Amino acid sequence: MTSSKTRPPISAYIRTKNEARLVAEVVRAALQVAREVIVVDSGSTDDTVRLAEEAGAKVISMDWLGTGKQKRAAEDLCEHPWLLDLDADEVIPAKLAAEIAALFQNGEPAHKIYALRMIIAPPVGEPWRHVDPDHRNKLYDSREIRMPDSAAWDQLDIPSGTQVPKLKTPIIHYAFTDIGFLLTKQERNMTQRAKSAPLKPLWQLRFRMIFGLPVYFLKRYILKGLFLKGAYGFSFAMTIAIGRWLKDVKMYERHHFEKKDGK
């Protein structure tokens, strides 16, 4: 690991709860380019805190506030204005660390936000480098933009007209250990979003519940190229589609629960 004084003035932050599986690797990889890593932990009962600290992170314990709110709280704990938003299963390769460092070679980067290409590393086979493309705005100047103050949404809302260059080297997303893990993760995330997002009209939810699942599946399987990954690509696309469909079902249920409670 390079000395912190030779790394760019970047703070990386990570939200955790029971992320012992990969948190140490994520922290060590982030410290290739960030001067500090802040881990905001919301009640882990496994070895997450110990492993993160041993890997070099500063760990802060905090009650869960919601997805965007937790990131804003993490932003406030960071020493440096340039921030790198990481999940506890996203690993920065050495080549990406070098690409990020090069942005700071002559002082402040030319732009205020940079997108990183995400590629999934499935538990079966090699990382999916040429399918399911996704870019996330993860490197940014917090003096110019902040994470949304939202319990349900945790991605940067980019001001109109802002240029967002895409870095070339991808970040590796170890998103799941098996399909059961992925389905549980989807169910948890969609439950939170269904609780916090503005309610859609009942007629629209009924329509989505009946017809939405094949649309969600085909968008992922065909448009994002997962058909190139055989049976496992099919299984992944179907699991993601089911998770998205569950959000509609849970929002439909929310209509009726709130009506029953007189809200």
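Everything numeric in this text was worked out from a predicted model, so none of it was measured.
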Can you see which heavy atom on [X] is nearest to which on [Y], and at what distance?
{"X": "Ala115", "Y": "Asn137", "value": "CB-OD1, 3.5 Å"}
{"X": "Ala152", "Y": "Ala197", "value": "CB-N, 4.1 Å"}
{"X": "Leu183", "Y": "Ile242", "value": "CD1-CG2, 4.0 Å"}
{"X": "Ile145", "Y": "Pro159", "value": "CD1-CD, 3.6 Å"}
{"X": "Leu83", "Y": "Cys78", "value": "CD2-CB, 3.6 Å"}
{"X": "Pro8", "Y": "Val33", "value": "CD-O, 3.0 Å"}

With a 3.5 Å distance limit and no angle check, can you tell me whether [X] reaches the backbone of [Y] through a side-chain donor-acceptor pair?
{"X": "Lys71", "Y": "Met147", "value": "no"}
{"X": "Asp141", "Y": "Lys112", "value": "no"}
{"X": "Ser42", "Y": "Asp63", "value": "no"}
{"X": "Glu90", "Y": "His173", "value": "no"}

Candidate pair Arg188 and Thr191, rule side-chain contact (heavy atoms from CB on, under 4.5 Å), full reasoning: CA-CA 5 Å; Arg188 182 179 66 244; Thr191 296; 5.9 Å; no

Using side-chain heavy atoms (C-beta onward) and a distance below 4.5 Å, is [X] in contact with [Y]?
{"X": "Ile92", "Y": "Leu84", "answer": "yes"}
{"X": "Phe176", "Y": "Ile120", "answer": "yes"}
{"X": "Leu139", "Y": "Ile10", "answer": "yes"}
{"X": "Gln32", "Y": "Leu96", "answer": "no"}
{"X": "Met238", "Y": "Tyr221", "answer": "no"}
{"X": "Leu199", "Y": "Glu258", "answer": "yes"}
{"X": "Leu167", "Y": "Arg117", "answer": "no"}
{"X": "Gln186", "Y": "Leu246", "answer": "no"}

Within a 6.0 Å radius of atom [atom1] on [X], are there more than 12 heavy atoms belonging to other residues, nucleotides or ligands?
{"X": "Lys200", "atom1": "NZ", "answer": "yes"}
{"X": "Lys17", "atom1": "NZ", "answer": "no"}
{"X": "His130", "atom1": "NE2", "answer": "no"}
{"X": "Trp245", "atom1": "CH2", "answer": "no"}

Under a 4.0 Å N-O cut-off, is there an ion pair linking Arg146 with Asp76? yes

Quick one: do Arg136 and Asp87 make a salt bridge, cutoff under 4.0 Å?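 So Arg136 does not pair with Asp87 through a salt bridge.
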
Enter the distance from [X]:[atom1] to [Y]:[atom2] here, rounded to the nearest 0.5 Å.
{"X": "Lys250", "Y": "Leu205", "atom1": "NZ", "atom2": "CG", "result": "13.5 Å"}
{"X": "Glu144", "Y": "Ile158", "atom1": "CD", "atom2": "CD1", "result": "11.5 Å"}
{"X": "Gln192", "Y": "Lys247", "atom1": "CD", "atom2": "NZ", "result": "11.0 Å"}
{"X": "Phe104", "Y": "Arg7", "atom1": "CZ", "atom2": "CZ", "result": "13.5 Å"}
{"X": "Leu226", "Y": "Phe236", "atom1": "CG", "atom2": "CZ", "result": "6.5 Å"}
{"X": "Leu116", "Y": "Asp134", "atom1": "CG", "atom2": "CG", "result": "11.0 Å"}

Salt bridge (charged side-chain N to carboxylate O under 4.0 Å, His left out): pairs with one or both residues in residues 29-42, sequence neighbours excluded: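 Listed by first then second residue: nothing to list.
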
With a 4.5 Å cut-off on side-chain heavy-atom distances among I, L, V, M, F, W and Y, is there a chain of contacts connecting [X] to [Y]?
{"X": "Met209", "Y": "Leu218", "answer": "yes"}
{"X": "Leu22", "Y": "Ile38", "answer": "no"}
{"X": "Val249", "Y": "Phe217", "answer": "yes"}
{"X": "Ile119", "Y": "Leu182", "answer": "no"}
{"X": "Tyr232", "Y": "Leu228", "answer": "yes"}

Report the residues that fulfil side chain to side chain contact (heavy atoms under 4.5 Å, CB included) with Lys224, sequence neighbours left out, ordered by chain and then residue number.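 Residues passing side chain to side chain contact (heavy atoms under 4.5 Å, CB included) with Lys224: Asp132, Pro133, Arg220.
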
Donor + acceptor pair across side chains of Glu75, Ser142 (<3.5 Å): no

Tyr174 six-ring centre to Arg21 NZ/CZ under 6.0 Å and within 45° of normal: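 Relative to the ring axis of Tyr174, which defines the angle, Arg21 lies outside at least one limit.
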
Please lay out, stage by stage, how Lys95 and Lys168 fare under the test side-chain contact (heavy atoms from CB on, under 4.5 Å). CA-CA 10 Å; Lys95 189 175 179 181; Lys168 294 181 180 179; over 6 Å; no

Kindly indicate, with the supporting measurements, whether the criterion side-chain contact (heavy atoms from CB on, under 4.5 Å) is fulfilled by Met62 and Leu77. CA-CA 11 Å; Met62 183 180 297; Leu77 295 168; 4.1 Å; yes

For Val164 and Tyr114, what are the C-alpha separation, side-chain angles and deciding distance, and is it a side-chain contact (heavy atoms from CB on, under 4.5 Å)? CA-CA 5 Å; Val164 184; Tyr114 291 85; 5.7 Å; no

